[in-house]
Q: 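What follows is a single structure, and I will ask about it in a moment.
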Amino acid sequence: MYSEKVMDHFMNPRNVGEIEDASGVGTVGNARCGDIMKVYLKIEDNIIKDAKFKTFGCGAAVATSSMATELVIGKTIEEALKISNKSVAEALDGLPPVKMHCSLLAEESLHAALWDYAKKNNIKIEGLEEPKEDIHEHEEEAGCCNA
Ligand code: FES
């Protein structure tokens, strides 16, 4: 059901954790399953120097976030914006259709972290839309994420 690459990134996820002095942090929830993802980005001179993630999502969410963080490190903000959940799934040699919604967590949390970076630095990133929902409040209410 899962490709070897998905299994590899699920069993040995890259870039799990947090960045203490992150330039931008994004947290999103998956509307379909209620799972949560948090992405941290370190950005210098418009280049993503480091990316880390934490998730309460399933194996497909772990694998797609692992791959997404691998793909964005070293990229410019503009290049990173072009990385979609579909391109992440392709880089993993595909995901079962029923799990495609999980890969949205990676894309949306990445965008939310870029949005946070833009807000903190008072800049506008062309083509980046405001994240639909800030789930920090719910997160604290639920007490489910102390990251
Ligand atoms: Fe929730 Fe996959 S089932 S992220």
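Side chains included, hydrogens not; waters and symmetry mates left out as well; all remaining heavy atoms used.
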Q: Between atom CD1 of Ile47 and atom NZ of Lys49, what is the distance when rounded to the nearest 0.5 Å?
A: 6.5 Å
Q: My understanding is that only residues two or more places apart in sequence, or in another chain, count here; which of them pass side-chain hydrogen bond (donor to acceptor under 3.5 Å, both in side chains) with Thr55?
A: none
Q: Go through Tyr117 and Ile123 one step at a time and tell me if the side chain to side chain contact (heavy atoms under 4.5 Å, CB included) criterion holds.
A: CA-CA 8 Å; Tyr117 168 74; Ile123 56 171; 3.7 Å; yes
Q: Check Asn15 against Ala51 and note the closest heavy-atom contact, atom names and distance.
A: CB-O, 3.2 Å
Q: To the nearest 0.5 angstrom, please state how far the CG atom of Leu128 sits from the CG atom of Leu114.
A: 6.0 Å
Q: State which residues pass side-chain hydrogen bond (donor to acceptor under 3.5 Å, both in side chains) with Ser84; sequence neighbours excluded, sorted by chain then number.
A: Ser87
Q: Ile73, Val62: one ILVMFWY side-chain cluster at the under-4.5 Å cut-off?
A: no
Q: Could you tell me whether a side-chain N or O of Ser3 sits under 3.5 Å from a main-chain N or O of Leu92, the two making a donor and an acceptor?
A: yes
Q: Keeping to residues at least two apart or across chains, list the salt bridge (charged side-chain N to carboxylate O under 4.0 Å, His left out) pairs with something in residues 80-91.
A: none
Q: Please collect all side chain to side chain donor-acceptor pair (under 3.5 Å) contacts where either partner lies in residues 56-68, sequence neighbours excluded, each pair once.
A: His9-Ser66
Q: Search all heavy atoms of Leu81 against all heavy atoms of Gly127 and return the closest pair with its distance.
A: CD1-C, 4.2 Å
Q: Can you list every salt bridge (charged side-chain N to carboxylate O under 4.0 Å, His left out) pair that touches residues 93-105, not counting sequence neighbours?
A: Lys5-Asp93
Q: Applying side-chain contact (heavy atoms from CB on, under 4.5 Å), can you list everything that pairs with Ala31, at least two apart in sequence or on another chain?
A: none
Q: Measure across Met7 and Tyr2 and return the closest heavy-atom pair with its distance rounded to 0.1 Å.
A: SD-CB, 3.9 Å
Q: Which pairs, with at least one residue in residues 58-79 and sequence neighbours excluded, count as a salt bridge (charged side-chain N to carboxylate O under 4.0 Å, His left out)?
A: none
Q: Side chains of Ser103 and Val88, heavy atoms from C-beta outward: is any pair under 4.5 Å?
A: no
Q: How long is the straight-line distance from CG of Leu105 back to SG of Cys58, given to the nearest 0.5 Å?
A: 8.0 Å
Q: Test of understanding: with side-chain contact (heavy atoms from CB on, under 4.5 Å), list the residues that count as partners of Asp116, not counting sequence neighbours.
A: Val25, Lys120
Q: With rounding to the nearest 0.5 angstrom, report the CG to OG1 distance, Leu41 to Thr69.
A: 9.5 Å
Q: So how far is it from Leu104 CG to Asn85 CG, rounded to the nearest 0.5 Å?
A: 4.5 Å
Q: Give a yes or no on whether the backbone of His101 and the side-chain of Asn30 come within a donor-acceptor separation of less than 3.5 Å.
A: yes
Q: How would you list, by chain and number, every residue that makes a side-chain hydrogen bond (donor to acceptor under 3.5 Å, both in side chains) with Asp8, sequence neighbours excluded?
A: Asn12, Arg14
Q: Just verifying a value: how many Å separate Lys119 NZ and Glu130 CD, rounded to the nearest 0.5 Å?
A: 7.5 Å
Q: Any side-chain heavy atom of Glu20 within less than 4.5 Å of one from Tyr40?
A: no
Q: Would you say that Leu95 contacts Cys102 through its side chain, given a criterion of any heavy-atom pair below 4.5 Å between the two side chains?
A: no
Q: Once side-chain hydrogen bond (donor to acceptor under 3.5 Å, both in side chains) is applied, do any residues pair with His111, and if so which ones, sequence neighbours excluded?
A: none
Q: By side-chain contact (heavy atoms from CB on, under 4.5 Å), which residues pair with Asp21, not counting sequence neighbours?
A: Ile19, Lys42
Q: Which atom pair, heavy atoms only, marks the closest approach of Ala112 to Val28?
A: CB-CG1, 4.0 Å
